[in-house]
There are 2 protein chains.
Amino acid sequence: MAHPIPPVDDTAPALCGQGRELVRDVLERIGDKWSVVIICQLGHTTKRFNELRRLSEPITQRMLSATLQGLERDGLVTRTLRDTKPLRVDYALTPRGLSLLAVAQNLARWAVDNAAGIQDSRTAFDAR
Amino acid sequence: MAHPIPPVDDTAPALCGQGRELVRDVLERIGDKWSVVIICQLGHTTKRFNELRRLSEPITQRMLSATLQGLERDGLVTRTLRDTKPLRVDYALTPRGLSLLAVAQNLARWAVDNAAGIQDSRTAFDAR
DNA sequence: CAGAATCCGACACGATACTG
DNA sequence: CAGTATCGTGTCGGATTCTG
């Protein structure tokens with residue numbers, strides 16, 4: 001395992017009691033098909049709609065729009081309308097969005113570290 | 001913000017290039033309705049089917065069964081069949097499952113820390 | 001350029017009933 | 001006790017078309 005992952009906190013009530021629904025809420029937010037992709041593509045630099053569209057291929061206009069609205073609704077991205085000659089809209093992460101990006105990067109590390117192992121387990125399991 | 005969250009790594013290619021699909025895979029694994037709940041309920045102690053069922057209410061038999069099979073397929077939990085008088089099956093997290101639990105707890109902390117703020121942003125956004 | 005509106009198929013999930 | 005089988009439904013998301 002290439003990267004250190006914090007040891008499991010044995011007394012982690014956050015995941016079980018009241019926190020269970022909270023965690024579910026978060027997973028419903030970032031568990032959809034595109035939210036994490038958008039968050040990662042935004043990163044620290046503000047980007048425009050079609051710019052995000054190209055970077056996040058093969059996302060559709062509809063889903064990009066919907067995803068951005070959802071993220072804006074939750075205070076994770078800001079949408080600023082520049083009133084220039086051709087219409088122009090800038091999207092950027094809020095501080096809260098940036099903190100979520102950090103969490104997502106943890107997830108990404110785990111994903112990269114375990115992707116191969118999971119794939120092996122999967123094919124082994126399916127072989128029966 | 002009560003808990004420290006590691007600062008954003010600016011050079012995080014894992015999330016963008018090849019890693020993007022990997023992260024999507026992981027989110028498809030834990031993004032369903034019950035996987036994280038089960039993983040958290042298992043924690044460090046092995047548990048039986050109906051035990052998990054009660055702890056994870058209001059999960060249905062069908063979804064518990066399906067979720068456990070998915071987790072087993074990915075090498076996140078082990079299923080051991082004890083051949084006692086009334087049938088008995090024990091489930092436990094594998095090392096890989098435990099490492100995922102740690103990641104999930106990060107997520108949980110973020111969820112707890114930001115739940116209120118997100119709720120505020122949401123109602124503010126919906127007020128228009 | 002940045003979207004909204006509509007249509008539609010796939011699949012996730014719940015409810016219920018049955019089995020070894 | 002520990003599941004499987006079947007059915008019905010809501011919703012997510014893709015394809016396509018239209019607007020300011």
Side-chain angles (χ1 to χ4, degrees), chain A residues 20-21 23-39 41-42 45-74 77-92 125-126 128, chain B residues 20-21 23-39 41-42 45-74 77-92 125-126 128:
Chain A
R20 221 174 73 183
E21 294 82 27
V23 177
R24 275 262 74 243
D25 282 351
V26 177
L27 282 174
E28 272 166 17
R29 146 95 346 281
I30 68 168
D32 64 9
K33 194 163 183 182
W34 298 108
S35 289
V36 170
V37 174
I38 301 305
I39 287 174
Q41 293 294 3
L42 274 178
T45 65
T46 124
K47 294 198 170 66
R48 304 168 51 185
F49 189 85
N50 279 335
E51 198 173 354
L52 278 173
R53 179 152 159 57
R54 281 188 302 274
L55 289 170
S56 308
E57 263 167 327
I59 197 175
T60 62
Q61 283 183 343
R62 175 173 131 74
M63 288 318 295
L64 178 55
S65 180
T67 303
L68 284 170
Q69 281 182 31
L71 293 174
E72 187 194 2
R73 185 170 108 102
D74 288 355
V77 313
T78 58
R79 185 193 118 113
T80 55
L81 175 65
R82 311 287 179 195
D83 217 11
T84 56
K85 350 208 220 165
L87 189 51
R88 165 177 184 145
V89 182
D90 285 342
Y91 291 93
F125 184 92
D126 292 346
R128 337 174 266 197
Chain B
R20 219 175 74 185
E21 294 82 24
V23 178
R24 278 261 73 243
D25 282 352
V26 177
L27 282 173
E28 272 167 16
R29 144 88 359 274
I30 68 169
D32 64 8
K33 194 164 183 182
W34 297 108
S35 289
V36 170
V37 174
I38 300 305
I39 288 175
Q41 292 295 2
L42 274 179
T45 65
T46 123
K47 292 199 171 64
R48 303 168 52 185
F49 188 85
N50 279 334
E51 198 174 353
L52 278 172
R53 181 153 158 53
R54 281 188 301 274
L55 289 170
S56 307
E57 262 167 332
I59 197 175
T60 63
Q61 284 184 342
R62 175 175 134 73
M63 288 317 294
L64 178 55
S65 180
T67 304
L68 284 171
Q69 280 181 32
L71 294 174
E72 188 195 0
R73 184 171 110 102
D74 288 355
V77 312
T78 58
R79 185 194 119 112
T80 55
L81 174 65
R82 312 285 180 195
D83 216 11
T84 56
K85 351 211 224 165
L87 189 54
R88 168 180 181 142
V89 180
D90 285 342
Y91 290 93
F125 184 93
D126 293 344
R128 344 175 257 196

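Heavy-atom basis, side chains included; hydrogens, waters and symmetry copies ignored. Convention: sequence-line order gives letters A, B, ...; per-chain numbering from 1.
- Each of dG14(C), dA2(C), dG13(D) was ranked by its minimum atom distance to the side chain of Thr60(B); first place goes to dG14(C).
- The residue Glu28(B) sits apart from the nucleic acid: no heavy atom pair falls under 4.0 Å.
- Of the listed nucleotides (dA2(D), dA2(C), dA15(C)), dA2(D) has the atom at the smallest distance from the side chain of Leu87(B).
- Rounding to whole angstrom units, CD1 of residue Ile38(A) and P of dG3(C) are separated by 12 Å.
- Side-chain proximity of Val89(A) to the nucleotides dA2(C), dG14(D), dA2(D) is greatest for dA2(C).
- Using a 4.0 Å heavy-atom criterion, one finds that Arg62(A) contacts the bases of the nucleic acid, with or without backbone contacts as well.
- Put simply, Lys85(B) has no side-chain N or O that comes within less than 4.0 Å of OP1 or OP2 on dC1(D).
- Checking dA4(C), dG14(D), dA2(D) against the side-chain heavy atoms of Gln61(A) singles out dA4(C) as nearest.
- For the pair Leu64(B) CG and dC1(D) C1', the computed distance is 13 Å after rounding to whole Å.
- When each of dC13(C), dG14(D), dA2(C) is scored by its nearest atom to the side-chain atoms of Trp34(A), the top-ranked nucleotide is dG14(D).
- Between Ser65(B) and the phosphate of dT4(D), there is a side-chain N or O to OP1/OP2 separation shorter than 4.0 Å.
- Look at CG on Asp32(B): it is 17 Å from C1' on dG10(D), rounded to the nearest Å.
- Regarding contacts with the backbone of dA4(C), a side-chain N or O of Gln69(A) is found under 4.0 angstrom from either OP1 or OP2.
- One atom, CG of Leu27(A), and another, P of dA12(C), lie 16 Å apart when rounded to the nearest Å.
- Between the CG atom of Leu81(A) and the P atom of dG3(C) there is a distance of 8 Å, rounded to whole Å.
- Comparing dA2(D), dG14(C), dA2(C) against the side chain of Arg79(A) picks out dA2(C) as the nearest.
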